There are 2 protein chains.
Amino acid sequence: MGAYLQFGCEALGDPTRFAIFEALTERPRAVGELAGLFPVSRPAVSQHLKVLKDAGLVKDRKAGTRRVYAVDPEGVARLRKELDRVWTDALSAFKRAAETWEEPHNA
Amino acid sequence: MGAYLQFGCEALGDPTRFAIFEALTERPRAVGELAGLFPVSRPAVSQHLKVLKDAGLVKDRKAGTRRVYAVDPEGVARLRKELDRVWTDALSAFKRAAETWEEPHNA
DNA sequence: ACTTACCGTAAGTGAATACTTACATACGGG
DNA sequence: CCCGTATGTAAGTATTCACTTACGGTAAGT
């Protein structure tokens, strides 16, 4: 019953952006600190963070002149739940087709 | 601890490709059948299926003149496990930073 | 054998997007 | 105040990548 959901899997599609998110799963970090971890410019990191934030996967907080980003547990839980549904459907589809693997349904 | 993994999250980054994968979580389908479900050409579907197959998320089987694709439970389980680690890290990072996040101690 | 159905791949095109540099803004320290 | 730090945004570029059409190849039906 897909329809197409955008929930945030797109946000993790880019390797650099995924790596930035993964760095935030270690601890909250400022933008400049993140930029030092990857071979991209600081503005590029800012743009990736914007995508992650729009997807609800991270949130930010002002700390003096710096801006600290951290994972947003709410968005993370939501994405996890959506994906868990997909994985469950996938595995149940496999079990269901395990024996009828011989006859594909046609349209 | 990162390094950057490619495990297959990229494969689900594209909406069309994700929808194709989701269609396979319902039941195994032939290429032509999948192409009938989305407003893209059949070769486009073939290319998406190649990406999904290279990521280990689907497998294929010849059935006469048709080729039937189905979810690969092994690759699905692997991706699920990897992502579960990420989600776990994310939530534990949140709990660890929960106290220092809300109210910065005024000084 | 000829034909039809089904599919993968090659090649080329167009659009999405990740990246850069340049600029404007907010904060804190001297 | 002035200055250095830290960041977001704008604008432009370049590269990725999703898509199409064209073609070749295989399997089944007649």
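Being a predicted model, the structure only gives us computed values, none of them experimental. Every chain is numbered from 1 and lettered A, B, ... according to where its sequence line falls, protein lines coming before strand lines.
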J.: How many angstroms lie between atom CG of A:L34 and atom CG of A:L24, to the nearest 0.5 angstrom?
T.: 5.0 Å
J.: Taking side-chain contact (heavy atoms from CB on, under 4.5 Å) as the test, write out the residues that go with A:R67, two or more places apart.
T.: A:D60, A:K62, A:Y69
J.: What pairs with A:R27 under side chain to side chain donor-acceptor pair (under 3.5 Å), at least two apart in sequence or on another chain?
T.: A:E33
J.: Ignoring backbone atoms, establish whether B:Y69 has a side-chain N or O less than 4.0 Å from OP1 or OP2 of C:dC6.
T.: no
J.: Map A:R66 and A:K50 onto DNA chain D by nearest heavy atom, then report which one ends up closer to the 5' terminus.
T.: A:R66
J.: Would you please name every residue forming a side-chain contact (heavy atoms from CB on, under 4.5 Å) with B:A44, sequence neighbours left out?
T.: B:V40, B:S41
J.: Mind listing the closest non-hydrogen atom pair of A:R96 and B:E26 along with its distance?
T.: NH1-O, 2.7 Å
J.: What pairs of residues pass the salt bridge (charged side-chain N to carboxylate O under 4.0 Å, His left out) test when at least one of them lies in residues 36-50 of chain A, not counting sequence neighbours?
T.: A:K50-A:D54
J.: Please report the shortest heavy-atom distance between A:T88 and B:R80, naming the atom on each side.
T.: OG1-NH2, 3.9 Å
J.: Can you name the residues that form a side-chain contact (heavy atoms from CB on, under 4.5 Å) with A:A63, not counting sequence neighbours?
T.: A:R61, A:V68
J.: Between B:P15 and A:E10, which heavy-atom pair has the shortest distance, and what is it?
T.: CG-OE2, 2.7 Å
J.: Holding to side chain to side chain donor-acceptor pair (under 3.5 Å), I want the full list of residues that pass it with B:T16, two or more places apart in sequence or in another chain.
T.: none
J.: Can you give me the N/O atom pairs linking the protein to nucleotides 27-30 of chain C at distances under 3.5 Å, or say none if there are none?
T.:
from   : atom 1 : to    : atom 2 : distance (Å)
C:dC27 : OP1    : A:K62 : NZ     : 2.9

J.: First and last nucleotide of DNA chain D in contact with chain B, 5' to 3', at under 4.0 Å to a heavy atom: what are they?
T.: D:dA18 to D:dA28
J.: For A:E74, what residues pass the salt bridge (charged side-chain N to carboxylate O under 4.0 Å, His left out) criterion, not counting sequence neighbours?
T.: none
J.: Of all heavy-atom pairs between A:V86 and B:T25, which one has the smallest distance, and what is that distance?
T.: O-CG2, 4.1 Å
J.: By the 4.0 Å heavy-atom rule, please label A:F38 as base, sugar-phosphate, or nothing.
T.: nothing
J.: What one-letter contact string describes nucleotides 13-24 of chain C from 5' to 3', where B marks a base within less than 4.0 Å of any protein heavy atom, S marks contact via sugar-phosphate atoms alone, and - marks no contact?
T.: -----SBBBB--
J.: What distance separates B:R78 CZ from B:D72 CG, expressed to the nearest 0.5 Å?
T.: 9.0 Å
J.: The helix from C:dA1-D:dT30 to C:dG30-D:dC1: angle between its terminal axes, five pairs each, to 10°?
T.: 20°
